[in-house]
Amino acid sequence: MIISRTCAALCVAMLALVTPITGLAQDAGLYGKPVDPNGSFIRIVDINASSAVIAGAQVANFTEGVSPYVTVKPGDVDMSIGSESTKVTADPGKYYTYAKLSDGQGKLYVDGVKDDPSKAQVYLYNLTDLQTVDLVVPVANATALKAVASGTSQSVSLRAPLSLVFVIQQDGKTIAETEKINLKRRAGFSIVLSGSKGDYHVVAAENHLSQ
């Protein structure tokens with residue numbers, strides 16, 4: 001496929017304005033106006049799950065293993081995924097993802113949320129046994145996220161609107177590739193890499209807040 005110089009230049013410029021997320025913002029505009037702005041927001045990422053219970057609320061509308069965020073009261077929150085039950089502690093105004101790692105263990109992530117009217121936020125979760133992976137934008141020949149370690153996540157803000165295909169690489173070798181993602185302003189998108197021992201699977205889903 002031949003990419004015009006103008007298109008490539010625009011993509012490079014877009015990635016040059018990338019802003020890695022290192023802090024936490026408690027503005028929930030990224031996922032729509034919350035029912036309770038003082039609440040906490042929790043979701044589950046598990047490619048083998050089709051339903052779960054979070055703080056007594058049934059969550060069934062998973063997108064390839066990614067649930068919407070559910071608003072809960074801050075404090076200790078009971079959850080169940082199939083036959084597994086767990087409890088997490090949530091602080092007010094923060095977003096959390098409870099994900100299953102390649103070894104079957106669960107891990108709670110605190111998701112940094114940035115409400116920028118001109119950008120979309122892209123998260124990469126490396127739930128695999130791969131030591132580190134990079135998130136690459138081939139059309140721009142650029143790396144959006146570098147060295148995302150096994151069992152960790154990173155996020156980045158990208159100019160929007162823009163339609164991009166992302167490739168996940170390890171040491172320059174392609175591990176998986178997403179479908180084209182239509183990035184929208186003030187929206188969040190999660191790219192989840194799962195699997196182990198050479199068998200890897202990627203899911204890309206827009207983040208939603210269950211109302």
Side-chain angles (χ1 to χ4, degrees), residues 1-25 30 43 45-47 63-66 95 97 99-103 107 109-114 116 118-208:
M1 180 175 65
I2 299 176
I3 304 299
S4 71
R5 291 183 178 180
T6 301
C7 178
L10 285 173
C11 289
V12 170
M14 175 275 296
L15 287 167
L17 292 172
V18 159
T19 306
I21 305 303
T22 56
L24 295 175
L30 184 63
R43 69 175 174 178
V45 172
D46 183 348
I47 63 169
T63 300
E64 293 189 83
V66 181
Y95 287 79
T97 294
K100 280 296 190 66
L101 304 179
S102 61
D103 61 2
K107 181 174 179 178
Y109 298 84
V110 182
D111 297 327
V113 174
K114 184 176 182 180
D116 190 318
S118 66
K119 295 180 181 179
Q121 194 165 3
V122 177
Y123 300 79
L124 174 62
Y125 298 84
N126 179 7
L127 308 183
T128 73
D129 56 357
L130 295 173
Q131 188 173 4
T132 62
V133 295
D134 301 326
L135 185 66
V136 176
V137 183
V139 71
N141 192 27
T143 301
L145 291 170
K146 189 172 181 61
V148 182
S150 175
T152 71
S153 71
Q154 291 184 28
S155 65
V156 65
S157 291
L158 300 178
R159 290 289 184 183
L162 197 64
S163 295
L164 293 174
V165 171
F166 293 90
V167 169
I168 299 174
Q169 295 183 346
Q170 183 190 44
D171 298 328
K173 178 183 177 182
T174 295
I175 302 299
E177 179 178 312
T178 71
E179 299 290 333
K180 183 175 289 186
I181 301 176
N182 296 317
L183 300 179
K184 297 180 289 186
R185 294 171 180 168
R186 255 185 184 167
F189 299 84
S190 292
I191 299 173
V192 180
L193 183 67
S194 58
S196 63
K197 299 178 181 178
D199 183 15
Y200 302 109
H201 177 68
V202 66
V203 169
E206 184 174 354
N207 300 343
H208 291 289

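Keep in mind it's a predicted model, so treat the numbers as computed, not measured. Reckoned from all heavy atoms, side chains included, excluding hydrogens, waters and symmetry mates.
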Test item: Tyr109 side-chain N/O and Gln154 main-chain N/O as donor-acceptor pair under 3.5 Å: no
4.5 Å side-chain heavy-atom contact, Ile168 and Leu130: no
Nearest-0.5 Å distance, CG of residue Leu101 to OG of residue Ser196: 11.0 Å
Distance (rounded to the nearest 0.5 Å) between Ser102 OG and Leu127 CG: 8.0 Å
The single option from Val156, Asp134, Val136, Leu135 passing side-chain contact (heavy atoms from CB on, under 4.5 Å) against Lys146: Asp134
Option passing side-chain contact (heavy atoms from CB on, under 4.5 Å) with Tyr125 (candidates Val45, Leu193, Thr97): Thr97
Val137 versus Ala144, closest heavy-atom pair with distance: CG2-CB, 4.4 Å
Spacing of NZ belonging to Lys119 relative to CG belonging to Leu183, to within rounding of 0.5 Å: 12.5 Å
Asn126 side-chain N/O to Thr132 backbone N/O, donor-acceptor pair under 3.5 Å: no
Leu162 side, atom CG; Lys180 side, atom NZ - distance, nearest 0.5 Å: 9.5 Å
Rounded distance [0.5 Å steps], CD in Glu64 versus OG in Ser194: 10.0 Å
Side-chain donor or acceptor of Ser163 paired with backbone N/O of Asn182 under 3.5 Å: no
pair Tyr95-Asn207: side-chain heavy atoms closer than 4.5 Å: no
Asp199 atom CG, neighbour heavy-atom count above 12 within 6.0 Å: no
Non-hydrogen atoms of Ala160 and Arg185 that approach each other most closely: O-NE, 2.9 Å
Spatial distance of atom CG (Leu124) from atom OG1 (Thr152) [nearest 0.5 Å]: 8.0 Å
Pairing residues for Glu206 by the side-chain contact (heavy atoms from CB on, under 4.5 Å) criterion, not counting sequence neighbours: Lys184, Ala187, Phe189, His208
Full working for side-chain contact (heavy atoms from CB on, under 4.5 Å) between Asp116 and Ser157: CA-CA 8 Å; Asp116 190 318; Ser157 291; 5.6 Å; no
Results of side-chain contact (heavy atoms from CB on, under 4.5 Å) for Asp171 - residues two or more places apart only: none
Lys197 versus Asp129, closest heavy-atom pair with distance: N-OD2, 2.9 Å
Exam field: side chain Gln121 to backbone Gly112, donor-acceptor pair closer than 3.5 Å: yes
Smallest separation among heavy atoms of Glu177 and Val202, with atom names: O-CG1, 3.5 Å
